[in-house]
Amino acid sequence: MSKTQTTILAIETSCDDTSIAILEFNKFGQSEVISTFTNSQISKHKKYGGVYPELASREHLNNILPVLKTTLKEYSIIKNLKLKTKNIIDSIDYMAITCGPGLIGSLLVGTETAKTLAYIFKKPVILVNHLEGHIYSNFINNSQKLDFPIVSLIASGGHTSLILMKNHLDYKIIGQTQDDAAGEAYDKVSEMLGLGYPGGPIIDKYARQFKQAKRSNNFNPLFPRPMLGSKNFDFSFSGLKTSVLYYLRNQKKPYSEKLKQKVAYEFQEAATDVLVKKTLKTAQKYKAKSILISGGVSANSKLREKMKQSLYRHTELDSNSLSVPELKFCTDNASMIAQVAYHKILAGKVNNWYDIKANASLDLNN
Ligand code: KG4
Ligand code: ZN
């Protein structure tokens with residue numbers, strides 16, 4: 001990388017978001033998102049109460065080229081390029097692509113598109129794992145100094161893991177969920193309450209409403225904190241989900257707004273207690289200098305607040321050592337994929353179009 005500026009075009013299609021981004025990195029490694037466009041399929045999957053894989057891949061097929069066109073157009077306007085699409089792609093240095101983990105049909109749309117573009121435009125390719133993308137969402141447009149060792153909590157709809165990083169691109173899984181992911185539990189509880197999909201933002205909102213209505217210091221938890229006292233760093237959310245189910249069985253239907261707020265609040269308290277305490281315990285044990293949170297659940301207002309407040313009490317770290325992604329980078333996006341790619345280029349991990357391969361269960365260290 002001898003140029004003073006590196007331009008990366010990234011594609012992310014691992015689940016239900018068709019996302020493309022073009023990022024520029026200056027010689028100091030600072031990133032800037034020049035243009036990005038994400039097509040969310042939420043409205044299409046809502047009626048199924050979750051992502052319907054077959055529909056997701058068909059939607060990606062419909063969306064990928066329009067998303068590419070919009071992103072390139074915005075890029076050429078912002079950079080005042082006045083070039084044809086072909087020449088815009090020519091001006092980009094690298095392509096980055098999410099190869100997994102995720103839904104295979106969804107991943108294939110992105111990988112085949114990236115393969116075709118990289119072949120035609122003779123672009124070097126960076127292969128990215130979706131989970132490292134989430135971790136690196138913390139480095140986008142971020143001037144915060146994040147020192148190693150880093151402990152990183154990824155909490156999304158498909159994963160809940162604690163990762164130790166002693167250096168860039170070096171991942172050791174310290175703990176993970178034994179059953180449901182945190183986001184999945186949010187989605188299920190929301191479904192039980194009849195609040196719709198995706199559940200995270202709705203439960204977050206209902207929980208905040210409950211807090212405002214009730215002012216009691218007499219905190220008596222309604223739901224358990226699974227594996228909070230266990231010696232390892234793993235999580236479990238399925239028992240918590242079942243507790244909510246059993247509690248609701250004894251409630252009168254249709255559920256009142258007040259009850260929905262109470263359940264949302266109590267569930268969120270339980271889920272965030274476990275996420276925060278396990279993350280801080282890991283940070284203590286591995287003498288972390290920074291803590292990163294990421295994935296859709298990292299958008300949660302309670303998780304962010306609790307993590308910041310508990311930091312002082314449970315570690316020697318202060319709030320400068322805690323990084324939370326900008327809200328728009330919490331859920332799936334291509335900017336985070338470009339951010340990983342930059343670090344892979346620095347490490348010489350550059351491939352060609354024929355190396356691109358989708359893998360639904362791709363390992364973080366592959
Ligand atoms: O990272 P993401 O977009 O996709 C996966 O890789 O899974 O995460 C989606 C998940 C969903 O389960 C959604 O309910 C959850 O993130 N989520 C939230 C919030 N916003 C999204 N969970 C809790 N609070 C939120 N504010
Ligand atoms: Zn994700």
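As the structure lists them, so they are numbered: ligands from 1, and atoms in each ligand from 1.
- Under the 3.5 Å distance criterion, the side-chain polar atoms of N365 are matched with a main-chain donor or acceptor of Y171.
- The contact set between ligand 1 and G199, taken as ligand atoms under 4.0 Å from a residue heavy atom, comprises 14 (O).
- With hydrogens left out, the protein atom closest to atom 17 (N) of ligand 1 is G296 O, 3.5 Å, a heavy atom.
- Contact atoms of ligand 1 toward H130: 6 (O) (distance under 4.0 Å to a heavy atom of the residue).
- Among residue pairs with one or both ends in residues 20-40, those qualifying as salt bridge (charged side-chain N to carboxylate O under 4.0 Å, His left out) are E24-K79; sequence neighbours excluded.
- In terms of N/O distances under 3.5 Å, ligand 1 is not approached by P198.
- Checked against a 3.5 angstrom limit, the closest N/O atoms of G158 and ligand 1 fall inside it.
- Under a 3.5 Å cut-off, the side chain of D17 and the backbone N or O of S19 do not form any donor-acceptor pair.
- Looking at ligand 1, you'll find an N or O of D187 within less than 3.5 Å of one of its N or O atoms.
- Side chains of Q268 and N300: a donor on one and an acceptor on the other come within 3.5 Å.
- Between the side chain of S137 and the backbone N or O of H134 there is at least one donor-acceptor pair closer than 3.5 Å.
- A ring-centre distance under 6.0 Å is found for F223 and Y247.
- Annotation: Y354 is not in aromatic contact with Y119 [ring centroid separation under 6.0 Å not met].
- Under the 4.0 Å criterion applied to side-chain N and carboxylate O atoms, K262 and E266 are not assigned as salt-bridge partners.
- Between Y52 and Y48, the angle of the ring planes lies from 30° to 60°, which puts this pair in the tilted group.
- When side chains are defined from C-beta on, V67 does not count as touching T38, because their heavy atoms never get closer than 4.5 Å.
- Between Y136 and H343, the two ring planes are tilted [angle within 30° to 60°].
- For ligand 1, the atoms lying closer than 4.0 Å to a non-hydrogen atom of T331 are 3 (O).
- Looking only at heavy atoms of the protein, atom 2 (P) of ligand 1 is closest to D332 OD1, 3.5 Å.
- Taking the six-membered ring for Trp and the full ring otherwise, the centers of H168 and Y342 sit at least 6.0 Å from each other.
- Nearest to atom 18 (C) of ligand 1 among the protein's heavy atoms is G200 CA, 3.3 Å.
- Around the Zn ion (ligand 2), protein N, O or S atoms at a distance under 2.8 Å total 3; waters are neither shown nor counted.
- Of all atoms in ligand 1, numbered sequentially from 1 with element shown, those under 4.0 Å from a heavy atom of G183 are 12 (O).
- Of all atoms in ligand 1, numbered sequentially from 1 with element shown, those under 4.0 Å from a heavy atom of G157 are 5 (C), 7 (O), 8 (O), 9 (C), 10 (C), 12 (O).
- Here the protein heavy atom with the shortest distance to atom 26 (N) of ligand 1 is D204 OD2, 3.2 Å.
- Residue contacts with ligand 1: H134 is placed with a nitrogen or oxygen under 3.5 Å of a nitrogen or oxygen of the ligand (distance criterion only).
- Where the criterion is an N or O separation shorter than 3.5 Å, residue side chain and backbone included, N300 meets it with respect to ligand 1.
- Looking at E305 and K302, a side-chain N of the basic residue comes within less than 4.0 Å of a carboxylate O on the acidic one, giving a salt bridge.
- Ligand 1 has no N or O atom lying under 3.5 Å from any N or O atom of D17, backbone or side chain.
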